[in-house]
Amino acid sequence: MLKIHSEPSKPSLPHQGPAILALGFRPFFSVAGLAAVILLGIWLVAWSGQLSLPAYYGFIGWHSHEMLFGYTPAIIAGFLLTAVRNWTGITPPIGRPLAGLVALWLAGRTAPLLYGIVPEMVIAITDLVFLPAIALAIKPALWQGKQKVNRIFVPLLLVMAVANLLVHLQALGLSNSAAQGNDMMLYLIVFLIVMIGGRVLPFFTQAVIPGHKAVSRQPVEMTATISLGALALVQPLYPEPWLIAILAAISAIAQLVRLAGWHHPQVWRSPILWVLYSGFCWIIIGLVLTAVAPTGVASANLANLAKHALTVGGVGVLTLGMIARVSLGHTGRPIQPGKLMGIAFILLNLAALCRVFGPLLLPYLYTLWIDVSGGLWILCFLVFCAIYLPILWRPRVDGAPG
């Protein structure tokens with residue numbers, strides 16, 4: 001996988017305003033945590049038939065879009081607006097410019113709810129501008145940095161914006177491309193996660209377990225990169241089930257070999273490590289189910305369950321683990337989440353188990369499995385909000401900027 005390099009820090013003026021706008025992870029991890037609760041809460045009420053969702057995206061479309069293009073881009077924005085300072089030594093937008101980016105994200109979540117009042121084209125543009133705006137926000141720092149490989153995130157964000165455009169084109173009645181756009185975004189997110197995971201998981205493991213040396217094999221890294229990138233591209237260009245199955249199988253094997261090279265048995269003793277490893281395992285499970293889905297084995301609904309293994313398990317568990325770690329480290333606190341957060345990590349893995357394997361084992365309880373999974377998701381993010389929002393909104397405990 002591509003390696004993400006850091007450079008020596010360059011002096012920067014301390015932020016003089018509220019702590020919430022001192023660095024990108026603070027507001028974006030905050031709104032992502034709240035969105036995880038609110039968006040799933042709205043969806044569960046709508047799923048029960050007690051609420052009508054706006055017709056712009058459609059019933060299922062709203063849920064898919066808001067998790068893929070709402071919750072997850074908030075995490076991505078918070079991570080990148082924080083990480084580029086470590087990678088380049090240059091501080092990205094903070095203060096009012098950062099508040100403007102958060103306002104763009106909030107506008108994208110609000111506009112579809114005003115469908116029928118706000119013109120459809122305005123809804124589309126409002127949502128579409130966010131990902132390019134984040135790309136423009138990190139570009140100056142990345143282009144001033146000496147490590148050119150880090151610049152990949154700018155085109156990656158722009159390709160994600162193209163995936164979002166495919167969804168909006170269908171909402172505007174101009175195409176039938178929403179499914180391809182959602183699938184394209186899903187695999188781009190997985191690509192981003194495993195790319196960053198290839199850097200942080202072996203590094204974190206070696207930092208926590210003395211004497212452990214993670215193994216990385218270049219042919220495996222290249223195979224993992226190419227297969228996942230191809231999965232994202234075939235969705236809008238040539239979404240043939242047999243091709244998707246082959247690419248998913250190759251990627252699953254490559255990811256499993258990578259994970260085996262980083263792994264040490266002691267990772268399961270550290271919550272901040274095992275949550276990341278369990279999330280990576282869900283990525284592998286999702287890819288395996290994606291590969292098996294076209295065969296019709298086990299369930300005709302296997303493709304949908306595979307996507308939820310990737311989203312609830314892979315994206316959900318990994319992002320929760322990462323934002324928990326980053327929020328502690330970048331506020332000057334020991335990187336040791338408390339017992340309650342460890343329980344939240346378990347609950348989210350249980351949510352993924354219910355959502356993916358519950359319908360396989362007891363399909364006649366399908367609605368119950370969705371309700372239980374969604375409830376567990378909401379509960380674990382309520383725990384995150386209760387613990388971490390005060391941390392994110394207060395200055396660093398060591399007095400350092402950021």
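Atoms considered below: every heavy atom in the structure, side chains included; atoms not considered: hydrogens, waters and symmetry mates.
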Separation between [atom1] of [X] and [atom2] of [Y], rounded to the nearest 0.5 Å:
X	Y	atom1	atom2	value
L347	L376	CG	CG	6.0 Å
L68	I189	CG	CD1	5.0 Å
L231	M184	CG	CE	12.0 Å

Compare all side-chain heavy atoms of [X] with those of [Y] and state whether any distance is below 4.5 angstrom.
X	Y	result
V372	R355	no
M67	V315	no
I42	E66	no
P334	L328	no
M322	L276	yes
L318	I283	yes
Y56	L172	yes
R85	I90	no

Is the number of heavy atoms from other residues, nucleotides or ligands under 6.0 Å of F203 CZ greater than 12? no
For R151, look at atom CZ and say whether over 12 heavy atoms of other residues, nucleotides or ligands are found less than 6.0 Å away. yes
Take V356 and W369 through the test side chain to side chain contact (heavy atoms under 4.5 Å, CB included) and record every step on the way to the result. CA-CA 9 Å; V356 177; W369 291 124; over 6 Å; no
To check you understand the geometry: which heavy-atom pair defines the closest contact between [X] and [Y], and what is its length?
X	Y	result
A32	Y71	O-CD1, 3.4 Å
V288	A252	CG2-CB, 3.9 Å
C380	L320	SG-CD2, 4.2 Å
C354	P359	O-CD, 3.2 Å
A248	L287	CB-O, 3.5 Å
L81	P92	O-CG, 2.7 Å

Answer yes or no on whether R26 is positioned over the face of W393, meaning its NZ or CZ is under 6.0 Å from the six-membered ring centre and within 45° of the axis. no
Under a 3.5 Å distance rule, please check whether [X] uses its side chain to pair with a backbone N or O of [Y] as donor and acceptor.
X	Y	value
T223	I250	no
R199	M195	no
S227	A224	yes

With side chain to side chain contact (heavy atoms under 4.5 Å, CB included) as the criterion, how do V154 and I138 come out once you've worked through the C-alpha distance, each side chain's angles and the decisive distance to 0.1 Å? CA-CA 7 Å; V154 172; I138 64 174; 4.1 Å; yes
Do Q266 and R269 have a side chain donor and acceptor closer than 3.5 Å? no
Centroid separation under 6.0 Å, is that true for the rings of [Y] and [X]?
X	Y	value
F153	W87	yes
H168	Y57	yes
F280	H263	no

Per the side-chain contact (heavy atoms from CB on, under 4.5 Å) rule, which among V312, V37, L350, L44 passes with W377? V312
So which of L310, N304, L305 actually passes side-chain contact (heavy atoms from CB on, under 4.5 Å) with H308? N304
Pair L80-L157, side chain to side chain contact (heavy atoms under 4.5 Å, CB included): steps then yes or no: CA-CA 11 Å; L80 290 178; L157 288 169; 4.0 Å; yes
Tell me, please, which residues at least two apart from [X] pass ring-ring contact (aromatic ring centres under 6.0 Å, His included).
X	answer
W47	W43
Y187	none
F28	F130
Y388	F384

Test log, rule side chain to side chain contact (heavy atoms under 4.5 Å, CB included), inputs F29 and V326: CA-CA 10 Å; F29 288 179; V326 170; 3.7 Å; yes
Which salt bridge (charged side-chain N to carboxylate O under 4.0 Å, His left out) pairs, counting each pair once, include a residue from residues 330-339, with sequence neighbours left out? none
Using distance only, find each side-chain donor-acceptor pair of residues 112-123 under 3.5 Å and give its atom names and separation, not counting sequence neighbours.
| unit_1 | atom_1 | unit_2 | atom_2 | d |
| --- | --- | --- | --- | --- |
| Y115 | OH | E120 | OE2 | 3.1 |

